[in-house]
Amino acid sequence: MTLRLAILASGRGSNLQAILDAIAVGTLDAQVVGVFSDQPAAQALHRVPAPLRWSRRVKDFANREAFDTALADAIATVAPDWIVCAGYMRILGAAFVERFPARILNIHPSLLPKYKGLHTHQRALEAGDGEHGASVHLVNAELDGGAVLAQARVPVLPGDDAESLAARVLKVEHPLYVEVLRMLAAGRLGEQDGQPLLDGHPAYTPLRLEFAHS
Ligand code: GRF
């Protein structure tokens, strides 16, 4: 089944590009049916043809809920199988999340449940962690709180700063997101009532995937 993907992005869009590249070379059976942004200048928007772009400024709406409703309405018109947050820097409100139950994914640059929220690389360094990584999780109304489907790990190396660590994590984010989408397309990964399923059975711990990071 060709997955219809609606991508939400606020910035650079390198995760989006990894998804587009995998589709282009035929390793991911999916179609990006729209890129949606709260930042009209986001680089991510320019990675797809103009008819697939949607962007609005939150400040042009009466409140955050009104923005979320406009975003949700626009997404609904492209009938996605999955809404894929890829560097989308706003919290999705409860009404938005409830409108697309168990159909929203996010990639977060930490080994959740560690370091929800911002500055994950700096926080991993300050904690003296020996490893760090990225998680792909289902989105619920709690920030970075939905069930984790899969994770990829990288070592924290002597001399790392937040920038070098972020770059190492980003290297595994791209294949991690693509692999999760591939497994969803193939029906190997799924969910039931917020519980991840692997090959049809409940998966109580995140799938650990290994990727090159240097
Ligand atoms: C990634 O590190 C992602 O995990 C985080 O924001 C960054 C987005 O990067 N949520 P990009 O826009 O996909 O290049």
Side-chain angles (χ1 to χ4, degrees), residues 7-19 21-22 27-28 38-39 42-44 82-92 97 102 104-184 188-191 194-199 201-214:
I7 311 287
L8 266 61
S10 300
R12 181 177 55 186
S14 70
N15 277 285
L16 164 61
Q17 191 61 54
I19 292 166
D21 291 347
T27 54
L28 174 62
D38 60 327
Q39 300 293 334
Q43 200 186 337
W82 286 95
I83 297 168
V84 178
C85 299
Y88 185 64
M89 299 308 286
R90 292 183 52 76
I91 295 173
L92 295 166
V97 173
I104 313 172
L105 292 175
N106 184 39
I107 189 158
H108 183 72
S110 80
L111 296 173
L112 290 170
K114 279 186 161 185
Y115 315 130
K116 296 176 180 179
L118 297 175
H119 311 302
T120 59
H121 310 299
Q122 189 59 38
R123 287 155 72 196
L125 286 170
E126 281 166 11
D129 291 354
E131 61 176 10
H132 185 45
S135 305
V136 175
H137 65 94
L138 298 169
V139 172
N140 61 16
E142 190 195 326
L143 176 66
D144 301 324
V148 178
L149 297 178
Q151 293 181 321
R153 287 157 199 268
V154 301
V156 178
L157 299 177
D160 265 339
D161 57 16
E163 203 182 323
S164 63
L165 190 52
R168 193 173 307 119
V169 171
L170 193 64
K171 249 185 148 167
V172 298
E173 284 187 38
H174 298 159
L176 174 65
Y177 226 169
V178 167
E179 184 59 22
V180 167
L181 291 169
R182 201 180 281 139
M183 291 182 76
L184 288 167
R188 290 207 56 208
L189 263 181
E191 72 75 44
Q195 164 68 53
L197 301 176
L198 179 61
D199 295 326
H201 301 287
Y204 296 109
T205 55
L207 189 63
R208 278 177 72 149
L209 297 171
E210 310 270 341
F211 302 104
H213 46 73
S214 55

With sequence neighbours excluded, what pairs up with [X] under the salt bridge (Lys or Arg N to Asp or Glu O under 4.0 Å) test?
X      : value
Arg188 : Asp199
Glu191 : none
Asp38  : none

In the structure I gave you, are the side-chain heavy atoms of [X] and [Y] within less than 4.5 Å of one another anywhere?
X      : Y      : result
Leu181 : Leu105 : yes
Leu189 : Leu198 : yes
Glu173 : Ser14  : no

Apply side-chain contact (heavy atoms from CB on, under 4.5 Å) to residues Asn140 and Ile104 and explain how you reach the verdict. CA-CA 8 Å; Asn140 61 16; Ile104 313 172; over 6 Å; no

For residues 123-137, which residue pairs qualify under side-chain hydrogen bond (donor to acceptor under 3.5 Å, both in side chains), counting only residues two or more places apart or in two chains? Asn106-His137, Lys114-Asp129, Tyr115-Asp129, His121-His132, Gln122-Glu126, Glu131-Arg153, Ser135-Gln151

Which pairs of donor and acceptor atoms, one on a side chain in residues 85-92, lie under 3.5 Å apart (sequence neighbours left out)?
none

If the condition is side-chain contact (heavy atoms from CB on, under 4.5 Å), which residues does [X] pass it with, not counting sequence neighbours?
X      : value
Pro158 : none
Gln43  : Arg12, Arg47
Asp161 : Glu163, Ser164

Please find the pair of heavy atoms, one from [X] and one from [Y], that lie closest to each other, and give the distance.
X      : Y      : value
Gly190 : Leu149 : O-CD2, 4.4 Å
Ala147 : Gly194 : CB-O, 3.4 Å
Lys116 : Asp144 : CE-O, 3.5 Å
Gly133 : Val169 : O-CG1, 3.6 Å
His108 : Leu112 : CD2-CD2, 3.6 Å
Ala152 : Leu111 : O-CD2, 3.7 Å

Working note: Glu179 + Leu207, criterion side-chain contact (heavy atoms from CB on, under 4.5 Å); need CA distance, chi angles, decisive distance, verdict. CA-CA 11 Å; Glu179 184 59 22; Leu207 189 63; over 6 Å; no

If you round to the nearest 0.5 Å, how far is [atom2] of [Y] from [atom1] of [X]?
X      : Y      : atom1 : atom2 : result
Gln195 : Leu138 : CD    : CG    : 9.5 Å
Leu165 : Leu157 : CG    : CG    : 8.5 Å
Lys171 : His213 : NZ    : NE2   : 9.5 Å

Here the salt bridge (Lys or Arg N to Asp or Glu O under 4.0 Å) pairs for residues 204-213, sequence neighbours left out, are none

What ring pair (Phe, Tyr, Trp, His ring centres under 6.0 Å) pairs are there with at least one residue in residues 162-183, not counting sequence neighbours? none

Please enumerate all residues that pass side-chain hydrogen bond (donor to acceptor under 3.5 Å, both in side chains) together with Gln39, with sequence neighbours excluded. none

